[in-house]
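See structure below.
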Amino acid sequence: MSRAPLALALLSVGCASGMGQASLAPYDQVGILVRNRSREILCEARIARAGSRSGDSLDPSEVIPPGGSRFFPLPAGDHSVQLLDCNGDVVLRRPDVHIGEQGIMLSFEER
């Protein structure tokens with residue numbers, strides 16, 4: 001499986017170099033909607049309140065396939081987000097993603 005970088009394409013907030021660009025858009029529910037618009041399969045998602053090591057993730061047999069999406073209901077506040085490909089490589093790392101009264105939508109695309 002290729003390790004093509006994925007980009008998070010929405011409104012405009014920077015991300016660490018080497019892992020694409022990240023931006024946030026409002027969503028109608030409190031939480032994060034992850035949309036996979038790449039050709040990669042996302043095999044792991046780690047989403048936790050900032051400063052915590054535990055949080056929401058994909059079930060062991062669950063993936064987000066190309067064209068698929070997954071909603072993570074989360075409380076308002078700051079969260080850390082990591083998405084990994086099926087090789088275990090982190091393709092997106094975003095600390096301090098703020099979720100307010102509306103949630104956010106993350107849409108991933110290959111560069």
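- The distance from atom OG of S69 to atom CG of L106, rounded to the nearest 0.5 Å, is 11.5 Å.
- Taking both residues in full, the closest heavy atoms of V30 and E101 are given as CG2-O, 3.1 Å, listed atom of the first, atom of the second, then distance.
- A donor-acceptor pair is defined here as one N or O able to donate and one able to accept, closer than 3.5 Å; such a pair exists between the side chain of D85 and the backbone of N87.
- Interatomic distance, Q82 CD to S57 OG, rounded to the nearest 0.5 Å: 11.5 Å.
- H79 places a side-chain N or O within donor-acceptor distance of the main-chain N or O of G77, the cut-off being under 3.5 Å.
- We find the CG-CG distance between L42 and L84 to be 9.0 Å, quoted to the nearest 0.5 Å.
- Residues P75 and R49 form a side-chain contact, since some pair of their non-hydrogen atoms from C-beta on lies under 4.5 Å apart.
- Judged by distance alone, the side chains of N36 and S38 do bring a donor and an acceptor atom under 3.5 Å apart.
- Here the side chains of I41 and P66 are in contact, with some heavy-atom distance below 4.5 Å.
- Across every non-hydrogen atom of L58 and F72, the tightest pair is CD2-CZ, 3.8 Å.
- The heavy-atom pair separating A45 from L83 by the smallest distance is CB-CD2, 3.5 Å.
- Listed here is the closest heavy atom pair of L33 and Y27: CD2-CE1, 3.4 Å.
- Considering only heavy atoms from C-beta on, E40 stays 4.5 Å or farther from V91 through its side chain.
- Taking both residues in full, the closest heavy atoms of L92 and V90 are given as O-CG1, 3.3 Å, listed atom of the first, atom of the second, then distance.
- Note that the CD1 atom of I32 and the CD1 atom of I47 stand 4.5 Å from one another [nearest 0.5 Å].
- For the atom pair CD of Q102 and CD of Q29, the computed distance is 11.0 Å after rounding to the nearest 0.5 Å.
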